[in-house]
Every structure is written in C-alpha cells, then in structure tokens.
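Residue numbers start at 1 and run along the sequence shown.
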Amino acid sequence: MMDVVFKLPLAVLLSLLLAATPLVAAPPDNQTAGEVKALIPAARRNAQPLKVKDNLEWNDLLQTSAEGRLRAGLTDGSILSLGSNSTIKVVRHDVVSQQTSIEMSYGKLRSQVVKIAQPNGKYEVRTPNAVIGVIGTDFYVGYENDLTTVICYVGTVSVTTVNTAKVLRESEQARSNQRLVTLTAGQLVVIGIKAPSEEFSPEAQVIRASMEDTNVNPHNTFRQRKIWIPVVAGLAGGLATGLVVTRGGGSSAAIPPPVVCNLTPSGPSRCQK
C-alpha cells in the first residue's frame with residue numbers, strides 16, 4: 001500500500017516534466033530578419049530566385065550576379081543595399097536584443113543602421129580580414145581581391161583587423177592604433193595583407209563609386225534631401241572638399257542609396273544617378 005502511495009505522485013511528477021520538456025527545448029519560431037524591398041533585376045537567396053516582398057530569415061545567403069542588385073529592409077528599420085557580384089549571409093538579426101551579424105564573402109554592401117539603444121546591442125559586418133562595428137550609422141563595406149574597404153557616410157564606424165591583416169590605407173583624420181581604426185563621416189580605410197601594385201584611387205572618387213555601386217533605386221521617384229559628406233584633401237592647410245548627396249525622404253524602410261550631386265562646396269552642381 002505504501003508503495004502505491006509513493007509511486008503515484010512520482011508518476012504524476014514525471015509526466016508533468018516530460019510534457020514541459022518540448023516547451024523549454026523548442027527553438028524560437030520567428031527568426032525573420034527582414035524583407036526584400038527592391039531588385040535590379042534579380043538576386044538569389046540560398047541559390048533560389050528572390051522576389052520583392054519575400055521574407056529573409058537568419059542564416060540566409062544572399063547573392064547577386066554581375067547585373068544584379070538588392071535592397072532589403074531589416075525588421076528593426078535598417079536598410080541593406082547589396083551591389084553587383086556580391087555574397088553576404090545574414091547570420092543573425094535579433095530585434096529585441098538589437099544584435100545583428102552579417103558575413104560578407106565578396107562584393108559591396110551599404111548599411112543604413114538604426115540607432116542601437118540596448119546595452120549589449122551590436123551591428124557588425126565581417127569580412128575575411130576585418131570586423132566592422134557600429135551603433136547606428138550609414139556606411140559601406142566592400143571586399144574584393146583580398147582587400148576590405150570601409151567608408152563612413154554618417155556617424156562613427158570601428159574597423160578591427162583580423163589575423164595577419166593590416167591597415168594599408170586610411171584617411172588622414174581617422175583615429176587608429178595597430179589593429180583598430182575609428183572612422184567618422186567622409187573617412188575610409190582599406191584593410192588587407194598586401195598592398196595592390198596599382199595606386200589607390202583618390203578618396204572622393206572611391207566614395208562616389210561606393211554610392212553608385214550600391215544604388216538600388218530602379219525608378220528614382222523618391223523625394224530627395226541633401227546630405228553633405230565631408231572629404232578633407234591631404235593638402236597644406238587642410239582644404240575641405242566633400243560630397244553633396246541626395247536621398248529619399250519618408251519612412252526609413254524606403255530610404256534608397258543617394259545620388260551624387262557634386263564634389264566641392266564651391267563647384268558647379270553636377271548630379272549623377
């Protein structure tokens with residue numbers, strides 16, 4: 001009789017624990033990272049064709065061809081603009097913790113990132129030889145021919161070299177130590193192991209090309225507002241030049257990459273879409 005009394009509560013307890021186990025162990029159902037906003041003319045996700053308004057999930061591999069470009073809106077309002085011949089993986093995009101991690105294998109990516117307010121929040125892009133981190137800004141990352149190029153359009157960007165990579169080029173005003181470079185608006189850095197044989201292009205030309213290469217606005221019908229991106233030339237006295245760009249107004253999810261209008265404050269206005 002005593003065995004029956006003790007065994008019955010024990011059996012009930014085990015049943016409750018077994019019933020609760022799937023609830024505890026189950027992974028989160030919603031790992032949506034964002035949505036495709038624009039394609040020129042097409043792109044692929046996990047080797048399958050993408051359509052506008054398709055959802056993006058964690059660990060999705062996004063690829064564009066020589067003619068392809070892609071713009072995606074992340075669920076927190078940040079914007080990804082992927083240029084041609086590019087491959088990235090959206091490893092993680094957690095809206096609650098504000099933790100985003102993107103891996104770039106090759107290509108050109110512009111990120112327009114909403115401000116991160118969570119204490120442990122981060123937004124980072126990794127290439128094979130650099131880690132780029134921000135807390136809310138507008139910046140470009142390109143990885144080609146074993147070189148990582150990072151350009152800050154707005155805000156502040158930190159760039160850390162990985163393994164044996166080193167800083168091969170940086171703006172004169174950038175703050176740096178042996179492995180970490182901090183960029184502000186209008187500054188760039190190039191990371192790699194070996195400098196290319198040809199000379200680097202002028203900074204203003206590199207910045208303008210980065211904007212054009214990640215422009216994913218097929219119709220140019222958005223409302224425009226001007227933004228000044230300073231570029232200080234390395235001349236005696238610090239001659240200030242810059243890029244005046246325009247970009248769409250309205251909601252953050254609809255912001256396309258900018259159109260370059262001119263290169264100097266005093267020069268004539270020359271817009272290039």
Side-chain angles (χ1 to χ4, degrees), residues 30-95 100-114 123-127 132 134 137-144 149-151 153-154 207-225 227 245-260 271-273:
N30 187 6
Q31 289 189 328
T32 300
E35 181 183 86
V36 176
K37 298 296 183 181
L39 295 169
I40 304 178
R44 301 175 77 82
R45 176 187 61 191
N46 304 326
Q48 299 299 317
L50 269 172
K51 302 187 300 295
V52 174
K53 295 187 178 181
D54 276 356
N55 284 337
L56 301 178
E57 306 292 333
W58 291 20
N59 290 312
D60 272 352
L61 185 69
L62 305 179
Q63 296 174 297
T64 57
S65 65
E67 302 298 327
R69 299 189 185 192
L70 160 71
R71 184 167 74 244
L74 299 182
T75 51
D76 69 348
S78 299
I79 303 293
L80 301 180
S81 299
L82 193 62
S84 302
N85 285 327
S86 299
T87 300
I88 65 170
K89 177 185 281 189
V90 184
V91 178
R92 176 185 177 91
H93 179 65
D94 191 322
V95 177
T100 301
S101 180
I102 296 172
E103 294 178 356
M104 169 176 276
S105 302
Y106 198 86
K108 302 168 183 179
L109 172 68
R110 180 176 181 178
S111 298
Q112 294 162 276
V113 184
V114 301
Y123 184 106
E124 68 177 24
V125 177
R126 290 179 172 267
T127 72
I132 301 92
V134 303
T137 187
D138 186 349
F139 70 105
Y140 165 93
V141 178
Y143 182 75
E144 298 177 293
T149 300
V150 183
I151 300 171
Y153 301 134
V154 179
I207 294 174
R208 178 173 61 189
S210 72
M211 295 175 176
E212 293 173 347
D213 290 344
T214 53
N215 190 340
V216 197
N217 181 47
H219 304 299
N220 290 320
T221 57
F222 54 92
R223 292 173 294 149
Q224 298 182 338
R225 59 188 178 88
I227 298 174
V245 300
T246 58
R247 70 181 182 188
S251 66
S252 61
I255 296 175
V259 179
V260 178
C271 290
Q272 296 182 2
K273 297 181 180 180

- Between Ala38 and Val216, the two heavy atoms sitting closest are CB-O, 3.9 Å
- Message: Go through it in stages, so that I can follow the logic: the residues are Lys89 and Ser101, the test is side chain to side chain contact (heavy atoms under 4.5 Å, CB included), and I'd like the CA-CA distance, side-chain angles, deciding distance and then a yes or no.
- Response: CA-CA 9 Å; Lys89 177 185 281 189; Ser101 180; over 6 Å; no
- Query: What is the distance from atom CD1 of Ile79 to atom NZ of Lys37, rounded to the nearest 0.5 Å?
  - Reply: 7.0 Å
- Query: Does any non-hydrogen side-chain atom of Tyr123 lie less than 4.5 Å from one of Leu74?
  - Reply: yes
- Derivation of the side-chain hydrogen bond (donor to acceptor under 3.5 Å, both in side chains) call for Tyr140 and Thr214: CA-CA 9 Å; Tyr140 165 93; Thr214 53; over 6 Å; no
- With a 4.5 Å heavy-atom cut-off, do Val141 and Thr149 have their side chains touching? no
- Note on the structure: Nearest heavy-atom approach of Val113 to Phe139 is CG2-CE2, 3.9 Å
- Message: Could you check whether any side-chain heavy atom of Arg44 comes within less than 4.5 Å of a side-chain heavy atom of Ser65, counting everything from C-beta outward?
- Response: no
- Message: Below 30° counts as parallel, above 60° as perpendicular, anything between as tilted: where do the rings of Tyr106 and Tyr143 land?
- Response: perpendicular
- Query: Just how far is it from atom CG of Leu82 to atom CZ of Arg71, taken to the nearest 0.5 Å?
  - Reply: 12.5 Å
- Message: Nearest 0.5 Å, please: how far is CG in Asp213 from OG in Ser84?
- Response: 7.5 Å
- Note on the structure: When every non-hydrogen atom of Leu80 is compared with those of Leu109, the smallest separation belongs to CB-CD1, 4.2 Å
- Item | Distance (rounded to the nearest 0.5 Å) between Leu56 CG and Thr75 OG1 | 10.0 Å
- Of all heavy-atom pairs between His93 and Thr100, which one has the smallest distance, and what is that distance? ND1-OG1, 2.7 Å
- Item | Val36 vs Leu70 side-chain heavy atoms within contact, under 4.5 Å | yes
- Query: Got a second to check how far Glu124's CD is from Arg92's CZ, nearest 0.5 Å?
  - Reply: 11.0 Å
- Message: Using the rule given for side chain to side chain contact (heavy atoms under 4.5 Å, CB included), can you reason through Tyr153 versus Met211, listing the C-alpha separation, both sets of side-chain angles and the distance that settles it, and then say yes or no?
- Response: CA-CA 10 Å; Tyr153 301 134; Met211 295 175 176; 3.6 Å; yes
- Query: Where the side chain of Asn46 meets the backbone of Gln48, is there a donor-acceptor pair that is under 3.5 Å apart?
  - Reply: no
- Closest heavy-atom contact between Glu212 and Arg69? O-NH1, 2.7 Å
- Mind checking the CD1-CD spacing from Ile88 to Gln63? Nearest 0.5 Å is all I need. 10.5 Å
- State whether the number of non-hydrogen atoms from other residues, nucleotides or ligands found under 6.0 Å of Arg45 atom CZ is greater than 12. yes
- Item | Stepwise side chain to side chain contact (heavy atoms under 4.5 Å, CB included) test for Arg126 and Met104 | CA-CA 6 Å; Arg126 290 179 172 267; Met104 169 176 276; over 6 Å; no
- Task: Check Gly107 against Ser86 and note the closest heavy-atom contact, atom names and distance.
- Result: CA-OG, 3.2 Å
- Query: What's the verdict on side chain to side chain contact (heavy atoms under 4.5 Å, CB included) for Leu61 and Val90, showing C-alpha distance, side-chain angles and the deciding distance?
  - Reply: CA-CA 7 Å; Leu61 185 69; Val90 184; over 6 Å; no
